[in-house]
Amino acid sequence: MTTVDTSAPAPPAAGSDGRSGAGDRRPRRELGVLNVFSHGFLLLWALLTTLPLLWVVVSSFKSDGEILSEPWGLPGALRFENWARAWTEARIGQYFLNSAVVVAGSLTLTMLFGAAAAYVFARYEFRFRQVFYYLFVGGMMFPVFLALVPLFFVVRNAGLFNSWTGLILVYAAYSLPFTVFFLSAFFRTLPTSIAEAALIDGCGHFRLFFRVMLPMARPGLISVAIFNFLSQWNQFILPQVLMQGDESKWVLAQGLAALAVSQGYQGDFSGLFAGLTLGMLPVLVVYVLFQRQIQSGLTAGQLK
């Protein structure tokens with residue numbers, strides 16, 4: 001009597017016939033090539049971004065002769081007098097302080113009103129909520145260059161032309177769309193149970209916002225504040241249009257533009273590079289000190 005073996009044959013081991021092993025190796029090889037390409041591209045981008053900044057900083061310590069004869073060489077000595085000359089004679093110090101005052105005021109208004117508006121859009125239901133939200137967010141698609149002419153007449157007719165107050169209000173207005181868009185998405189990720197418990201305990205809506213929700217949204221607030229600071233500090237076209245005539249009220253971007261023109265004709269290239277370095281330092285310092293907060297704020301809404 002013949003016995004038939006009905007048991008299923010065991011599957012071949014991976015790589016025994018050469019097909020499964022090849023199938024496993026091909027995706028890994030493709031991923032390795034992709035990683036090498038992406039890392040190489042990021043390295044190239046980092047070099048293209050970092051080298052010009054380093055060249056400006058190194059040139060700020062050179063003499064004019066070294067800049068013209070050896071533009072890519074190292075300075076023979078660290079000439080800090082270039083920085084002192086740019087700070088005092090080119091009035092970079094005054095423009096620096098003017099920018100600090102304007103950005104501090106505009107950033108305060110932006111974060112206060114932007115956070116309040118984003119919280120209302122994210123946590124409350126009311127009529128036409130989506131309409132008002134999209135009106136806010138739609139401001140990000142409106143280029144500032146299209147509004148320069150009407151903005152000039154609005155600010156002038158309001159009596160705010162050539163004043164820090166007008167510049168602060170305009171900065172805050174143009175920073176609100178991004179702030180509302182960013183923070184509204186962040187406020188939606190916060191747990192509602194804590195807000196409900198605070199309301200049950202007798203906490204009012206204003207106290208709930210300032211004492212409970214804002215501390216919980218600290219990572220997002222820090223991130224959007226840094227982005228707004230970088231944008232407002234580097235702003236050039238708005239102060240160029242709204243702040244004319246009185247040089248004592250100019251911000252740093254205007255001062256650097258005037259320095260580039262004047263020092264170019266005078267041949268004081270070392271003072272020009274020193275002024276540019278002084279203008280870049282706040283941006284670089286803020287980014288280096290708060291890069292972890294930026295990354296945590298961008299990912300906190302997805303992780304919660």
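Sequential numbering from 1 along the given sequence is applied to the chain's residues. Reckoned from all heavy atoms, side chains included, excluding hydrogens, waters and symmetry mates.
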S193: which residues meet the side-chain hydrogen bond (donor to acceptor under 3.5 Å, both in side chains) condition with it, sequence neighbours left out?
none
Side-chain heavy atoms of [X] within contact of [Y], under 4.5 Å:
X    : Y    : result
L167 : L160 : no
S60  : W83  : yes
M141 : P177 : no
V285 : P282 : no
L53  : L284 : yes

Transitive ILVMFWY side-chain link F236 to L169, under 4.5 Å
no
For the aromatic rings, using the six-membered ring if either is Trp, is the centroid distance between F273 and F61 under 6.0 Å?
no
Assess whether a salt bridge exists between E247 and R91, defined as any Lys/Arg side-chain N lying under 4.0 Å from an Asp/Glu carboxylate O.
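Salt bridge: yes.
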Less than 4.0 angstrom from a charged side-chain N to a carboxylate O is my criterion; do E81 and R85 meet it?
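Result for this pair is no, no salt bridge flagged.
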Looking only at heavy atoms, which two atoms of [X] and [Y] are closest? And how far apart?
X    : Y    : answer
L183 : A115 : CD1-CA, 3.8 Å
L107 : N228 : CD1-CB, 3.6 Å
K249 : W164 : O-NE1, 3.1 Å

Check whether [X] reaches the backbone of [Y] with its side chain - one donor and one acceptor, N or O, closer than 3.5 Å.
X    : Y    : answer
T110 : L176 : no
N162 : M243 : no
K62  : P71  : yes
N82  : S63  : no
S231 : F227 : no
E66  : G76  : yes
S184 : F181 : yes
T189 : F186 : yes
Q240 : Q254 : no
Q244 : V241 : yes

Run the side-chain hydrogen bond (donor to acceptor under 3.5 Å, both in side chains) test on D64 and S270 for me, step by step, so that the C-alpha distance in whole Å, both residues' side-chain angles and the decisive distance to 0.1 Å come before the verdict.
CA-CA 6 Å; D64 294 335; S270 58; 3.1 Å; yes
Nearest 0.5 angstrom please: [X] [atom1] to [Y] [atom2], how far?
X    : Y    : atom1 : atom2 : value
F161 : L151 : CZ    : CG    : 10.5 Å
F142 : Y174 : CZ    : OH    : 6.0 Å
I194 : M216 : CD1   : CE    : 4.0 Å
S106 : M111 : OG    : CE    : 11.5 Å
T179 : F113 : OG1   : CZ    : 12.5 Å

Sort out for me which residue in I92, V251, L278 forms a side-chain contact (heavy atoms from CB on, under 4.5 Å) with L256.
I92
Any side-chain donor-acceptor pair under 3.5 Å between Q94 and S248?
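There is no such pair (donor and acceptor under 3.5 Å, judged by atom type) between the side chains of Q94 and S248.
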Evaluate the criterion side-chain contact (heavy atoms from CB on, under 4.5 Å) for residue pair F121 and F132; output intermediate values, then yes/no.
CA-CA 9 Å; F121 286 135; F132 290 114; 3.8 Å; yes
Mark yes when over 12 heavy atoms from residues, nucleotides or ligands other than R129 sit less than 6.0 Å from its CZ; otherwise mark no.
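Result for CZ/R129: enclosed.
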